[in-house]
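Beneath this line is the structure, given in structure tokens, with notes to follow.
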Amino acid sequence: MNQWSNFSKGFFKENAVFTLLLGMCPTLGVTSSAIDGLGMGLATTFVLVMSNLVVAVIKDFIPDKVRIPSFIVVIATFVTIVEMTMQAYVPALFDSLGLFIPLIVVNCLVLGRAEAFASKNKLGASVIDGLGMGLGFAMALTILGSVRELLGSGKLFGTIIYPENYGMLVFVLAPGAFIALGYLIAFINQVKKEA
Amino acid sequence: MLKTFSLGGVHPAENKFSAGQKIAVLPVPEQVSVPIAQHIGAPSEPIVKKGDEVKVGQLIAKSSGFVSANIHSPVSGKVFKIDDILDASGYKRKAIIIKTEGDEWDASIDRSEDLKTEITASPEEIIKKIGDAGIVGLGGATFPAHVKLSVPPGKTCEVLILNGVECEPYLTADHQLMIEKGDEIMVGTQILMKALKVDRAIIGIENNKPDAIKQMSELAKNYAGISIQPLKVQYPQGGEKQLIDACIGRQIPSGKLPIEVGAVVQNIGTTLAVYEAVQKNKPLFERVVTVTGKSVTKPSNFMARIGTPMNQLIEAAGGLPQDTGKVIGGGPMMGKALVSTEVPITKGSSGILIMPKEIAKRAKMEACIRCSKCVSVCPMGLSPYLLMTVSDKAVWDRAEEEKIMDCIECGSCSFTCPANRPLLDYIRLGKGKVGQIMRSRTK
Amino acid sequence: MAKTESTLKNMVLTLLVITGIAGTSLGFMYELTKGPIAAAKAAKQQAAIKEVVPGFDNNPGDEMYELTSKEGFALKVFPAKKGDELMGVAIESMTNKGFGGNIKIMVGLKPDGTLINYQVLEHKETPGLGTKMDDWFKADKGQQNILGKHPKTNNLTITKDGGEVDAITAATISSRAFLDAVRVAYETYSENQSSPKADNNTSVEEGGTE
Amino acid sequence: MNRLIVSPSPHVHSGDSVKKNMYGVIIALLPALAASLYYFGLGAVVVTLTAVVSCVFFEWAIQKFLLKNESTILDGSAALTGLLLAFNIPSNLPIWIIIIGSLVAIGIGKMSFGGLGNNPFNPALVGRVFMLISFPVQMTLWPKPQTIQLEYLDATTGATPLSIMKEGLANGESVSAIMDKLPSYTELFFGNSGGSAGEIAAAALLMGLAYMLIRKIITWHIPASIIVTIAAFTGLLHLSSPDQYAGPLFHLLTGGVMLGAIFMATDYVSSPMSKKGMIIYGVGIGIITVVIRVFGAYPEGISFAILIMNGFVPLIDKYVKPKRFGELVKTAKA
Amino acid sequence: MTILILRYFCQPTRMADIDYIEHEGVVEAVSSQLIKVRIVNESACASCHAKGSCTAADLQDKLIDIYEVKGNFTVGQKVILMGRKSLAPKAVLLAYIYPIILMLLTLSGTYFTTNNELLAGGLALFILLPYYAVIYLLKDKLTRTFSFTIKHQINES
Amino acid sequence: MNVVLITIISLGVLGALAAIILYFVAQKFKVFEDPRIDQVEEVLPAANCGGCGFPGCRAFAEAMVKSDDISALNCPVGGADTMKAAAEILGKEVKAADPMVAVVRCNGTCENRPRIAEYDGATSCTIASSLYGGDTGCSNGCLGLGECVDACAFNAMYMDKETGLPVIIEDNCVSCGACVDACPKNIIELRKKGPKNRRIFVSCVNTDKGAAAKKACSAACIGCKKCQKICPFDAITVENNLAYIDYNKCKLCRKCVAECPTNAIHIVNFPPPKPKVEKPAEAKAE
Amino acid sequence: MEYVLIVISAIFVNNIVLSQFLGICPFLGVSKKISTGIGMTGAVTFVMVIATIVTFFLQKAVLEPFGVGYLQTISFILVIASLVQLVEIILKKVSPPLYQALGVFLPLITTNCAILGVAIMTIQKDFNIVESVVFAAANAIGFGLALITFAGIREQLDLMDIPKGMKGTPIALVVAGLLALAFMGFAGIV
Ligand SMILES: Cc1cc2nc3c(=O)[nH]c(=O)nc-3n(C[C@H](O)[C@H](O)[C@H](O)COP(=O)(O)O)c2cc1C
Ligand SMILES: Cc1cc2nc3c(=O)[nH]c(=O)nc-3n(C[C@H](O)[C@H](O)[C@H](O)COP(=O)(O)O)c2cc1C
Ligand SMILES: Cc1cc2nc3c(=O)[nH]c(=O)nc-3n(C[C@H](O)[C@H](O)[C@H](O)COP(=O)(O)O)c2cc1C
Ligand SMILES: Cc1cc2nc3c(=O)[nH]c(=O)nc-3n(C[C@H](O)[C@H](O)[C@H](O)CO)c2cc1C
Ligand code: SF4
Ligand code: SF4
Ligand code: SF4
Ligand code: SF4
Ligand code: FES
């Protein structure tokens, strides 16, 4: 597999959200606005890249049976780092992402990539994989966030597109998250079929 | 409140055009085709060859198993050939074709009209005679009567129930029989009671036949242990399970037989045949057939020989109407649509119903709207809408779980469905498959 | 390269090493971010105070003291002074009557109790409904604006309840709760006004942590 | 020879049809429609027409362009959804909101699942609740009923009895004090109070119920169990503390209970199949309605209650089967 | 009245009607009293396309011991494993629900008497030990209860 | 530094604990899933059609990994390429299975076979066949309700409106056999695709006697045995009034084709006839 | 009363799946069959309760006293991951047949957000131990309620003809959305 396709698969072909349906909780939970989605996506990307990197480095030293706990420790470390950094430097984002930051730890995507890719591949490929999957995840979250923000409050990244009065509040709330994602996936499936 | 069965049921328009028409004896046809499979169970084995001479009532095919029945020649003449012909099953199957010559009856048959009330035969002899006479259930199921009467060891029969319900719209054969042959039926009942060793018999008759109820009640006074049970008009009251429920309030558990609740059910026509077989030595080779329909000129009840081509009966009833769309062997709810009117009458043919085109065509099927009407009319308490879906999607284990095998194929569900869904079509498909699976499992 | 075998010793060792490294890096990271986190918190507080009582030149965080409201909430009071003159106080007030639970607001009161400004700090109201309180009560529309009003002279309850403030449309509950938090701030502050507050003023010092 | 038609049995049909049922319900809704026209005038006309036309249009458009299957708009179900949607919203709702609501009802609530018969949730209620949550401001402004009014968007508005009650209780007033501010029960019965276009006149809705029962379009199980449950539950509450909880009659005559119990909960598609199941479903709706009304944030809860119970229908259908023949065995004495 | 209502709804539901739950498996080993059947756990994960990336999945083959054997089975044969349907809830009850109830009781009991959080928590966890000890002692009985049977797979035509 | 120390200690303890627990878990739950199963599954078409005789692609992959001799296994959908790829992963040999294709053995078009009744039941061949023999005089032939077409997951079939018979799109057919199983009348058969896709078969399943068969359908096999006699390779057998050509024996000489009085024998993909006289109605050669 | 409110809030008003968005993966993944859903609920309840007790311990006895609160994430996840495995071992050791029975009928997928999320939430809410456990159990029941209802609807939809484009995940998400919409009616009860 060449590096470009290794990188780009995360955006479409193996997109974590749209095709693999991994990490659904943050996908639904923090996408009430595009910016939150983007922030969460980037945080996840960071953890993904770093943990892939570390796992690729240490993979040969780890006995098989403690593979998973070791990976968990690695991932959890980076999650905590993200947590503390965000709290220090972007407190507002930290507040709005809330519980979902520590939950990056259990995002199947992160552990899954470490397990399925980084533990079997070379360093470079692992980092690129992490970057691709992570950015793909971030892209998905941003798209969903944009859709919800636009439909729900008439804004996009905080800029007013049309008066808020015309927005459909549901999309900011829980039901809207499910519904918007449902139709988004249906739409993407359709596009994929035609492509 | 009149008695009736406890679950579901529908009331289709009765359309009993041929009611009150005296049973007319149909002339002996020039040629008969007697299928060797006209009952439930193994087909009989022909014992005649091409060219053989036969008499009316002579055995021409022998029962080939426990559940099977003898077949007797309905005419006298020469066996023309034994060949595959299209019969009411819609498939080509083997039949004995006989060219008629005269009308010479087997000597042992008592052809006199007088009533013979004294029953001399022992229960075992009765059952043997019934078996020999090739009597099968004339109510439609064509189950060999002697098998039904042989109560399995360990079970006892408490009551005999006679099915005079005739709940199918249009049909009047049993009704007319009760009017014309009441006494014979009473004696037949006594014979059956003796065979079953019961002292109680109930004749269930729906309330839309007040004359029959009246006449039979009168007659019953002369016969011990026989009572008449008028019933509310409701389809499928004639179903064995429903009739037992209606008459004695007992419900046969899933997968069990009537004897489980101590009852045996026989049809009115069967009872008459039993009388004739036991008292008059006459095997089953003719039966009453109703020929009817909206545009039939002379809706009638005929006494016809088995093997007579249906078009002869239709001719006798005034011919096939111009607007014919469908010809049905049996009633409109359970009968079988025929591809051709040339198929012969069999022991199970209770009627020929001719439907005009405009009502024969089914309406377009729509999506199930879950109106639950099929559920509420199902006399077996099933969920037809679900059974259809699981059959369509081939989810056989679910079909079994939902007791698809309990369905009695009464058609009430398809009749009712506002979305015109062919529920029963699919349920039959499912029953077939599930039955196959269940059998393979016990193997 | 041969993989390390899964013996018990290897496993424990590996995990110990990994957790050790993780622990070390986390510990350092913690040391590193501890300051900025505290600073971010303080900055947030400072910004809020600045918004609700502008124009002070002291460090209100240093002079913070606590009051207990009738309802038993511990309210932080930040005196904002220009020179020695008390410009007003910023009070971190709260209520538990919100639609989604607690609502925390910062209210700026002039020494006489007139409302200067407010800021909503924390809440769990429905986005798009309750969240409108962020600026609803600052807007000059109908009888929405409560800035510059005095809880004593103005009936700061919603019109539906006979007051003179327009509730947020379709978020009556949040509006009531918000005004309730304002009331709590005012009442607690004014009640303690009469008592010698100077003592309080100096007694609680550890508020602004290093 | 004349070619004969062959088909499996049965060969006759009751003549009932989907269309007949749907138009039957529409006919049953006519008295209520008349009442709403009488009290809300132009607004009711605009709202009803918009909802019906847009529901039918969306169904047609989705079938034509997305699903590419045969159109079923003539079976009356889309029109019925539109009508019921219109009955569930204030008669001064802006047209664009109604159109969105219709799109949601038909698009999300019905056609996403494949159309008539497949939707687990009541489409009209999906539309209504979607609007309620999306546009709470507009959806809670109720025009005051008055004889033949000609205003639409700028009709004078007022609160519904239920929200007056809820507000009042929240402010600590007693039930009897609040009742004095409200129309009498007789007035409520004939519809003279604020509310959704179609829900106000209990009398008209009951006429519809009678019609549907006689035509055997629905059975009594669902409406009866809802009404009885609500009456019993609110009755108990009222008895326990008459000043805190309004009585059963109040709860039955106000808000959408009648409309919901008679026309919305009975929707074939989203209600259980067995009689027993229907009763469980009805009781569930009744209880949830009262809980939301009495303890929840919303003054009215029947829409939510029906939707929630819609969610449970598959479970009910799976575990509560109609009584099967032969299940209660009465065997012969041995 | 209430009794009537209760009766109405408490008639045995259809759940009990179909007694067996079925599961596909392959015979792994046959001995005189016992057949081992390997099943692929149908934990939904088995067929999920994302399972490769999902470590949460417990895609494991499991070996089930069958004691009651009727008929001949050979290694490698595909069979249907049947367990009484009522087993599933019973297993969940025994393995999870009862211990939870026990824990809740211990926890609240201890907490409200001693007001010591850590003690209460500790005891609640500790109570599981005797619970599982009891289960361990009941081993034989449970073995009998949770037994499976197998039958030949039907080749559906 | 204190904090760092505590961190290390507490994490270390936790880590050690986890290690021990997991060690035991791993001991107890040794499950070995051959990684090659995944690899093989990867190259399979993921159609999960069951054409291979296993419940799904994964089961087939397992079978491939487990069995030593995989010559009996074949994925009809993927065909030879897939099998080769899979075998490569496993280092095993595959014998190229003969490519197969489905053929419809009924030529009872509306023209050849007059309808004597009109079917009005549920659109399902199985249901119709349980009701009766069909709406023509032939009770063996195609019912034309397209159950086979519904069964085909590969878009390889359609119902020809003109003839009322299903048509197989040769290029799409992967010979999964779903249609064969679906047809209640056993009309569809999988046959060897043949060299250059050429094949010859009897397009009829009617077992009636000659006259009856002929009466019901002008293209029916009447069991006259002329083809059997002329076949130089003994490829044709006639049983129950019906001829059958064994595709393993047939050498595509085409002698039988002209011999058949009812044109019941079909040839597919042969070049257009040379001077020869009139050709049988080639229904589905295109 | 306090406890009742916690329970009602966790089950209906702030349902963990339908309004908190936790445990969505098993919610979507293990909801094809009602029976598996029921088993899953039992397993989740058990694990959630024990995990909550253990993490409560960890928080109060280790993290807080030593001032290393920032280790919450990493230590909780380690504890939870090991705990799940431990439960399996114990069950298997204690009663193999029981374990087998569970194994056939239900999956034990428990390293999901819901468990960790609830553990963290109880700490955030500053509950005492009993409240924490009640909260955990109530959340698990809420999870079960959503899961089983959802599985019921999906089983029904499985028998229906859903339009091609919507089949599978999309329609499942729409159903979840509508269920969430319906559950919004409970808003404000507590
Ligand atoms: C739905 C249904 C309706 C039936 N209706 C009648 C009927 O009207 N009259 C009748 O004699 N048998 C009817 N039968 C057949 C009876 O169930 C039963 O087979 C028959 O009465 C037994 O008597 P026999 O064996 O003498 O025919 C019906 C069966 C079914 C399933
Ligand atoms: C999901 C949901 C969110 C809500 N959010 C709020 C809110 O944030 N603030 C609020 O006051 N009411 C909220 N409500 C309550 C209703 O909007 C309620 O009808 C309103 O507060 C009182 O009605 P009124 O403003 O029309 O008098 C919410 C209701 C629901 C169902
Ligand atoms: C924890 C867990 C998560 C799962 N997540 C998904 C998922 O996100 N998407 C998915 O399609 N299947 C998932 N599955 C598997 C599904 O339950 C199901 O078996 C699969 O979707 C079947 O797909 P099919 O209908 O295409 O055969 C998951 C299983 C588990 C145990
Ligand atoms: C008695 C009855 C009640 C109905 N109620 C509703 C309803 O409340 N909402 C609705 O959208 N459709 C209703 N319909 C129409 C129809 O069932 C509905 O459009 C389907 O749910 C769409 O699949 C009703 C139909 C009948 C027969
Ligand atoms: S045909 Fe079967 S399912 Fe239909 S109503 Fe009759 S018994 Fe019930
Ligand atoms: S009667 Fe027809 S539409 Fe009604 S539930 Fe049954 S199948 Fe569906
Ligand atoms: S035509 Fe038949 S064998 Fe060919 S792909 Fe379709 S179903 Fe399979
Ligand atoms: S070939 Fe068979 S399945 Fe296909 S249409 Fe003909 S009868 Fe039906
Ligand atoms: S991301 Fe929450 S359970 Fe998977």
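This is a predicted model, so every value here is computed, not measured. Below, chain A is the first sequence line, B the second, and so on; all start at residue 1.
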| request: Please test Glu402(B) against Ser383(B) for side-chain hydrogen bond (donor to acceptor under 3.5 Å, both in side chains), starting from the C-alpha separation and ending with a verdict. | output: CA-CA 8 Å; Glu402(B) 299 291 341; Ser383(B) 303; 4.9 Å; no
Could you pull out every donor-acceptor pair under 3.5 Å between side chains of residues 5-15 of chain B and any protein atom, sequence neighbours left out?
unit_1: Ser6(B); atom_1: OG; unit_2: Asp245(B); atom_2: OD2; d: 2.5
unit_1: Ser6(B); atom_1: OG; unit_2: Gln251(B); atom_2: NE2; d: 2.8
unit_1: His11(B); atom_1: NE2; unit_2: Glu14(B); atom_2: OE2; d: 2.9
unit_1: Glu14(B); atom_1: OE1; unit_2: Asn208(B); atom_2: ND2; d: 3.2
unit_1: Asn15(B); atom_1: ND2; unit_2: Tyr170(B); atom_2: OH; d: 3.3

| field | Contacting region of Lys19(D) [heavy-atom separation from chain B under 4.5 Å] | value | neither
| note | So, the part of Ile328(B) with a heavy atom under 4.5 Å from chain D: the answer is side chain
| field | Distance-minimising heavy-atom pair for Val375(B) and Pro322(D) | value | CG1-CG, 3.6 Å
| message | Does any backbone or side-chain atom of Leu338(B) lie under 4.5 Å from a heavy atom of chain D? Answer side chain, backbone, both or neither. | response | backbone
| message | Between Thr266(D) and chain B, with a heavy-atom cut-off of 4.5 Å, which part of the residue counts as in contact: side chain, backbone, both or neither? | response | neither
| said: Checking the side chain of Ser112(D) only, and the main-chain atoms of Gly107(D) only, is there a donor and an acceptor separated by less than 3.5 Å? | reply: yes
| query | Top residue by heavy-atom pair count (under 4.5 Å) with chain B, among Ile218(D), Asp317(D), Asp75(D)? | reply | Asp317(D)
| message | If we define contacts as heavy-atom pairs under 4.5 Å, which of Lys373(B), Glu409(B), Glu366(B) has the most with chain D? | response | Lys373(B)
| Pro422(B) portion near chain D, given a 4.5 angstrom heavy-atom threshold | neither
| task | Check the surroundings of atom CD in Glu358(B): do more than 12 heavy atoms from other residues, nucleotides or ligands lie under 6.0 Å from it? | result | yes
| request: Output, in order, the C-alpha distance, side-chain angles, deciding distance and verdict of side chain to side chain contact (heavy atoms under 4.5 Å, CB included) for Leu320(B) and Asn311(B). | output: CA-CA 8 Å; Leu320(B) 200 66; Asn311(B) 44 19; over 6 Å; no
| request: Could you look at Lys155(B) and say if it's the side chain, the backbone, both or neither that has a heavy atom under 4.5 Å from chain D? | output: neither
| request: Please look at Cys368(B) and chain D and tell me whether the side chain, the backbone, both or neither of the residue comes under 4.5 angstrom of a heavy atom of that chain. | output: backbone
| task | Walk me through it: do Val313(D) and Arg370(B) pass the test side chain to side chain contact (heavy atoms under 4.5 Å, CB included)? | result | CA-CA 12 Å; Val313(D) 164; Arg370(B) 290 172 46 85; 3.5 Å; yes
| request: Evaluate the side-chain hydrogen bond (donor to acceptor under 3.5 Å, both in side chains) criterion for residues Thr389(B) and Arg421(B): first the C-alpha distance (whole Å), next the side-chain angles of each, then the deciding distance (0.1 Å), finally the verdict. | output: CA-CA 11 Å; Thr389(B) 312; Arg421(B) 294 178 72 74; 5.1 Å; no
| Of all of Ala363(B), Cys417(B), Ala367(B), which one pairs up most often with chain D through heavy atoms under 4.5 Å apart? | Cys417(B)
| field | Toward chain D, the part of Lys326(B) with a non-hydrogen atom under 4.5 Å | value | both
